[in-house]
Amino acid sequence: MAYFGDFQRFADEEFSTVPEKVVTRFAPSPTGYLHVGGARTALFNWLWARRSGGTFILRIEDTDLKRNTPTAMRQVMQDLRWLGIEWDEGPEVGGPNGPYLQSERLDFYNRYARQLLDAGQAYYCFETSEELDVMRAQAEAQKKGFIYPRPERFPSERDVEKARAEGRPVTVRFALPMEKPLVVNDLIRGRISFHPAELGGDFIILKSDGFPTYNFACVVDDYHMQITYVIRGQEHLMNTPGQKALWEALFPGSPTPHYTHMSVTVSDTGGKLSKRERPQTLRAAIEKVPDVDIEKLAEVGGITAGVLRSFLRGETTPDIPAIEAMANHLGVRLPEINIVDFFRSGYLPETMVNFLALLGWNPGDQREIMAVDELVRSFDLMRLTKSNSLFDRKKLLAFNTEHLRIEPPQKVLQHCKAYLREVGSPVQQADDATLARIIKLCEGARTFEDIERKSTFVFVDDRQIEFEEKAVQKVLFKDHGLEILGQVRQKLAALDPLTEQGIEEMLRGLAEERQVGLGKVAQPLRVALCGTTISLPIFDSVSLLGRERTLRRIDLTLERFGAQGQAP
RNA sequence: GGCCCCAUCGUCUAGGUAGGUCUAGGACACCGGGUUUUCAACCCGGCAACAGGGGUUCAAAUCCCCUUGGGGCUACCA
């Protein structure tokens, strides 16, 4: 099942050997949760591998000791699995080309660095970061691009010992061939040519802590893992010529993978889709609160008032749980950025996969709502869009509405249970049959959050119902709401047995009797049962609660608001 | 600043590689109407785009150039 796409337009020496097998990889650096951009990159790589019967590899790029967090890798894997993106090789599943954590592959990098050093294609450097900063600043002052000055004679091993003895950092730089232009053949952008001098000159491949840099590790691993297609974000386009040069030095004669640089996804809340959006939204929200109680808010977030003030000044950012706790406390909705955010907001993974796939790709016909297997069948790298796209949450919502409608009920039920557990909803108490019934009643719901909100009244104590002021004023205190509720109570008490049909006939009869619409008799009852004007269909609401609880709630409502008199 | 990428309705996009069939199609959003026991959903209708300027050509959304605009990179981050 090899791919026979249009390679003619790139038919030159570089593409003369089109690899039979498709091997792609997703190579995140484990710095936090998987976010939308990363998920899209993973998805495209996965789809391409699946579409052509190839292999999808997960590789963890944990070469930055300062940034990697211990739990991040697990979170990323969990999020990928939630989306249904399973890897054929990688952490936890193994594979013939492991290990799949770069931090466990140091031997490879050292060996190749040694090879380059011995061949005179790389050399040692001893500058500190500060010294390099000064050099860059000088170049900038002269309005010139900074190019690292390659020494006339490369430092020897003895120089290295000396530098170490002096406590200087030791790094290794790749001597970038400067004579010919570096050409990248991007599958969707075509031929792009770079002048080596404009790339910034010789770049570091081994850091002073002994770890490889991204550009180095990436080349070594892509070769050893036999990656045939590199599909990544546009932000890597400028890295590619350097990586190609490195590849040619390391593996001469061996074809590089095909490169594809995807467009960037930008946020509909303005600017680049970034993890910073959530704290920024919270900060803006706090600033709008008139007399914000800093002490209290800090306590909610589990941080000190000092930290909170510094956050408000834009100096620091508290951790994710603190941000979420404070937002929750203030009732602020933070924009979803990470994949888990969408899970917690009640989206289906099928929606995310479908929507993400359409960000920068389309099947070429008018289909939009597609199942995963359909995406796999239709996916084609050559159909990637070149321009950046905006992440439109409203369209995502419409997609979720549709998927909630078309996915198999069993699947929806399972996802719904996971959601309810995650948010700690009282609706968790529902048994499968009841929950399935509730989901069915919520046909047209946009997210699990909608379903939860509409049905939670069934699972709380009769006395725990919180009455929404607006609902009380509008429904109970107007149009004889309380009076009608009293009548409803009497008729309901007389109903035996209590069936949905009976309830419906009774309510319709009463509406007719009073010469009003059904809404006028249904709404007071609804408010009595759940405290708001939004709930499951009223007949089902009553039947779900049962006679006893329904009557008790009506009585409690009458007791509580009856004394406050009737508005005209 | 330098280098690189990109440019069709408000948004995602089809059409562009083989110029005429494009009075530019679809979806989301929006507006109007309908349905209705709440919210949502649903049904019908409507608004709405080839960034600007030069070429090439009988003919340009489509090919070329310039301008403008947006984005990316310019680390001992990935």
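Naming convention: chains lettered A, B, ... in sequence-line order (proteins, then strands); numbering from 1 in each chain.
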Item to complete: Taking atom P in both A61(B) and U8(B), compute the distance separating them and give it to the nearest angstrom.
Response: 15 Å
Can a side chain N or O of [X] be found less than 4.0 Å away from OP1 or OP2 on [N]?
X	N	value
Arg136(A)	A75(B)	yes
Thr128(A)	C76(B)	no
Arg383(A)	G15(B)	yes
Lys386(A)	C4(B)	no
Arg367(A)	A14(B)	no

Worksheet item: Pick the nucleotide of RNA chain B nearest each of Asn388(A) and His195(A); which residue has the one closer to the 5' end?
Response: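 Result of the comparison: His195(A).
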Practice prompt. Tell me which of Gly519(A) and Gly200(A) sits closer to the 5' end of RNA chain B, going by the nucleotide each one is nearest to.
Written response: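 Residue closer to the 5' terminus by nearest nucleotide: Gly519(A).
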Practice prompt. Evaluate the ring planes of Phe342(A) and Tyr347(A), with Trp represented by its six-membered ring, and classify them as parallel (under 30°), tilted (30 to 60°) or perpendicular (over 60°).
Written response: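 If you compare the ring of Phe342(A) with that of Tyr347(A), the planes turn out perpendicular.
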Practice prompt. Taking the six-membered ring of Tyr148(A) (Phe, Tyr or Trp), confirm whether the NZ or CZ of Arg150(A) is under 6.0 Å from its centre and within 45° of its axis.
Written response: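 Negative - Arg150(A) is either too far from the ring of Tyr148(A) or too far off its axis.
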Discussion item. Should the side chain of Arg508(A) and the base of U37(B) be counted as holding a donor-acceptor pair, with the cut-off at 3.5 Å?
Written reply: no
Heavy atoms only, 4.0 Å cut-off, all strands: where does [X] land among base, sugar-phosphate and nothing?
X	result
Pro28(A)	nothing
Asn239(A)	base
Lys520(A)	nothing
Phe539(A)	base
Glu127(A)	base

Worksheet item: Out of C39(B), C4(B), C76(B), which has the shortest distance to the side chain of Ile192(A)?
Response: C4(B)
Worksheet item: What is the per-nucleotide protein-contact pattern of nucleotides 24-29 of chain B, from the 5' end, where B denotes a base atom under 4.0 Å from a protein heavy atom, S denotes such proximity for sugar-phosphate atoms only, and - denotes neither?
Response: -BBBSS
Worksheet item: Taking it one step at a time, do Thr213(A) and Leu206(A) satisfy side-chain contact (heavy atoms from CB on, under 4.5 Å)?
Response: CA-CA 6 Å; Thr213(A) 56; Leu206(A) 229 44; over 6 Å; no
Fill in: Short side-chain donor-acceptor distance under 3.5 Å, Arg232(A) and Thr240(A)
yes
Worksheet item: Do Glu468(A) and Thr532(A) meet the criterion of a side-chain donor-acceptor pair at a distance under 3.5 Å?
Response: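 Judged by distance alone, the side chains do not pair up.
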Worksheet entry | Heavy-atom pair of closest approach, residues Met77(A) and Pro91(A) | SD-CB, 3.8 Å
Worksheet item: Partners of Arg59(A) by salt bridge (charged side-chain N to carboxylate O under 4.0 Å, His left out), sequence neighbours excluded?
Response: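 By the salt bridge (charged side-chain N to carboxylate O under 4.0 Å, His left out) rule, Arg59(A) matches Glu61(A), Asp221(A), Asp222(A).
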